[in-house]
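Quick notes on the structure that follows.
Every heavy atom of this structure was used, including side-chain atoms; hydrogens, water molecules and symmetry mates were not.
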Amino acid sequence: MKNLKIMLIAVTMLAVLLLVAGCGGGKTPAEKESDGKAAEKIILKFAAVNNKTHPAVVALNEVFKPRVEQLTGGRVEVQVFDSGQLGGERDVMEQLQLGTVQMSYISPVLGAIDPAINILDLPFLFKDEDHVDKVLDGLIGEKILAGLPSKGLRNIGWMENGFRVVTNSKRPINKLEDIKGLKIRTPEAPVSVAIFKALGANVTPLAFNELYSALSQGVVDGQENAYNTVATSSFFEVQKYVAQTNHMWGSFAILVSEKWWQKQPGDIKEAIIQATKETSKHQRKIFREQTNKNKQMLIDKGMQVTYPDLTEFIQAVQPVYDEMFKQYPNFKPIVDEILSLK
C-alpha cells in the first residue's frame with residue numbers, strides 16, 4: 001500500500017511538471033508575447049541607386065551587411081536593394097522620411113532638403129584625399145548635416161564619389177584660357193553650373209543619361225566627372241583630352257530614417273554606427289584603387305592627361321564662395337574650419 005502511495009505521488013508530480021512545461025514555464029500570456037517580440041528579426045532595407053559593381057554597393061555587401069548581422073547576433077537582417085530597385089534618390093529620401101526604407105546613401109541631391117550638403121560641392125575645397133578623410137571622419141563631418149533629424153533623416157557617415165576632372169574633344173587644357181569657350185556639360189546642380197560659368201566655359205546642364213549622345217554628336221565639347229565615371233561610361237570613345245583639375249569632390253551622405261532610428265534600442269544603434277564607419281572606410285579604399293586603375297586605362301585607350309596650374313582656376317571661382325556665403329552666412333564658419341585643416 002505504501003509503495004502504491006509513493007507511485008501515485010510520483011505520477012502526480014510528473015504530471016504537474018509536464019503541465020507547467022506545456023504552459024511555457026508558468027509564464028503569463030504577456031510574458032510569452034514579450035518573448036515572441038524579442039525573437040522577431042529587425043529588417044533593415046538599404047536602398048542604393050548604383051549597380052552591384054559600384055564601390056558603394058560593393059562595400060555594402062562586403063562590409064555593412066555582414067558586420068551589422070554579426071554585431072547584432074543576427075537580430076538585424078540587412079537587405080540591400082541596388083540598381084534603383086526602390087526608386088531614384090528623391091523617391092528614396094521620401095521613403096526614408098516615412099520610415100518605409102531604413103537606410104540609403106544620397107548624393108548632393110539631398111540639397112533639396114538640406115542645402116548644407118552643398119558645402120562639400122564648393123570648388124577646390126579639398127586639397128587631397130587625406131584632407132577629405134580628416135573632414136569626414138571628424139567633428140566637422142558630423143556638424144555639416146546636424147540639422148537633418150528635424151527633417152526626418154539622420155546622417156551617420158559618408159562615402160565618396162571622387163575628385164572630378166574635365167574632359168573634352170577639342171584641345172588639351174593646360175591653363176585657364178584653354179577652358180574658356182568650351183561647351184561643357186554639367187549636372188543640373190547650381191554649384192556645378194556656377195563653377196564652370198566662373199571658369200569661362202559655355203555651360204550646358206544635361207541629365208547624365210543624355211551625356212554620351214551629346215558628346216558623340218558634338219552638342220557639347222566636354223564634361224566633368226570622376227575618372228571612374230569617365231572610364232565606366234566609355235567617354236574615352238568620344239573624348240580625347242582629360243585635365244586633372246580635381247575642382248570638386250563628390251560626396252554621398254549615408255542616411256538613416258529618423259522615424260525608424262528612434263524606435264531602435266541603443267545596442268542596435270551602436271552596431272549600425274560601427275558597421276557604417278567600417279563600410280565608409282572600405283568604400284573609399286575601393287573607390288581610390290579603382291580611380292588609379294581607371295586613370296591608367298584611359299591613358300591606355302589614348303586619352304591625353306594634363307595637369308594644369310590651378311592658381312588661376314582657384315582665383316576665378318571665388319565668386320562661387322561669395323554667392324554661397326551671401327545666401328547662407330552660417331555656412332562660412334564650417335567652410336573656414338574645413339580650409340584650416342589643410
(request) Say whether Lys295 and Gln244, considering side chains only, have a donor N or O and an acceptor N or O under 3.5 Å apart. (result) yes
(request) Output yes when Lys134 and Asp130 qualify as a salt bridge under the 4.0 Å nitrogen-oxygen rule, no when they do not. (result) no
(request) Hey, could you give me the CG/CG distance between Leu310 and Asn246, rounded to the nearest 0.5 Å? (result) 7.5 Å
(message) For the residue pair Ser107 / Glu89, report whether a side-chain donor-acceptor contact shorter than 3.5 Å exists.
(response) yes
(request) Indicate whether the side chain of Gln262 and that of Gln264 have a donor and an acceptor atom separated by less than 3.5 Å. (result) no
(request) Answer with yes or no whether the side chains of Gln296 and Asn292 bring together a donor and an acceptor at under 3.5 Å. (result) no
(message) Counting only heavy atoms from other residues, nucleotides and ligands, does the tally under 6.0 Å from NZ of Lys269 exceed 12?
(response) yes
(request) Go through the side-chain N and O atoms of Asn225 and Gln223 and say whether any donor and acceptor fall under 3.5 Å apart. (result) yes
(request) From the options Glu278, His282, Arg284, Gln283, select the one residue that forms a side chain to side chain donor-acceptor pair (under 3.5 Å) with Ser280. (result) Arg284
(request) Start with the C-alpha distance between Lys293 and Glu289, add both sets of side-chain angles, then the distance that settles salt bridge (charged side-chain N to carboxylate O under 4.0 Å, His left out), and finish with yes or no. (result) CA-CA 7 Å; Lys293 291 176 182 177; Glu289 289 173 350; 5.5 Å; no
(request) Report yes if some heavy atom in the side chain of Ser104 is under 4.5 Å from a heavy atom in the side chain of Leu96; otherwise report no. (result) yes
(message) Ring-plane angle category for His54 and Phe252, please: parallel below 30°, perpendicular beyond 60°, tilted otherwise.
(response) perpendicular
(message) Working to the nearest 0.5 angstrom, can you tell me the gap between Trp158 CH2 and Asp137 CG?
(response) 11.0 Å
(request) Please step through salt bridge (charged side-chain N to carboxylate O under 4.0 Å, His left out) for the pair Glu337 and Lys143, ending with a clear verdict. (result) CA-CA 11 Å; Glu337 280 188 79; Lys143 186 187 301 183; 2.6 Å; yes
(message) side-chain hydrogen bond (donor to acceptor under 3.5 Å, both in side chains) for Gln290 and Tyr227? Distances and angles first, verdict last.
(response) CA-CA 9 Å; Gln290 206 175 82; Tyr227 276 118; over 6 Å; no
(request) Run the salt-bridge test on Arg90 and Glu94 with the 4.0 Å N-O cut-off and return the result as yes or no. (result) no
(message) For Phe331 together with Phe325, are the ring centres under 6.0 Å from each other?
(response) no
(message) Just by distance, no angles: are the side chains of Asn228 and Asn294 close enough, under 3.5 Å, to form a donor-acceptor pair?
(response) yes
(request) Say whether Val101 and Ile156 are linked into one hydrophobic cluster, either directly or through other cluster members, by side-chain heavy-atom distances under 4.5 angstrom. (result) no
(message) Ring centres under 6.0 Å, that's the criterion: do Phe163 and His247 meet it?
(response) no
(message) Looking only at side-chain N and O atoms, does Glu323 offer a donor or acceptor that is under 3.5 Å from a partner on Gln327?
(response) no
(message) Between Asn118 and Tyr328, is there a side-chain donor-acceptor contact under 3.5 Å, judged purely by atom types and distance?
(response) no
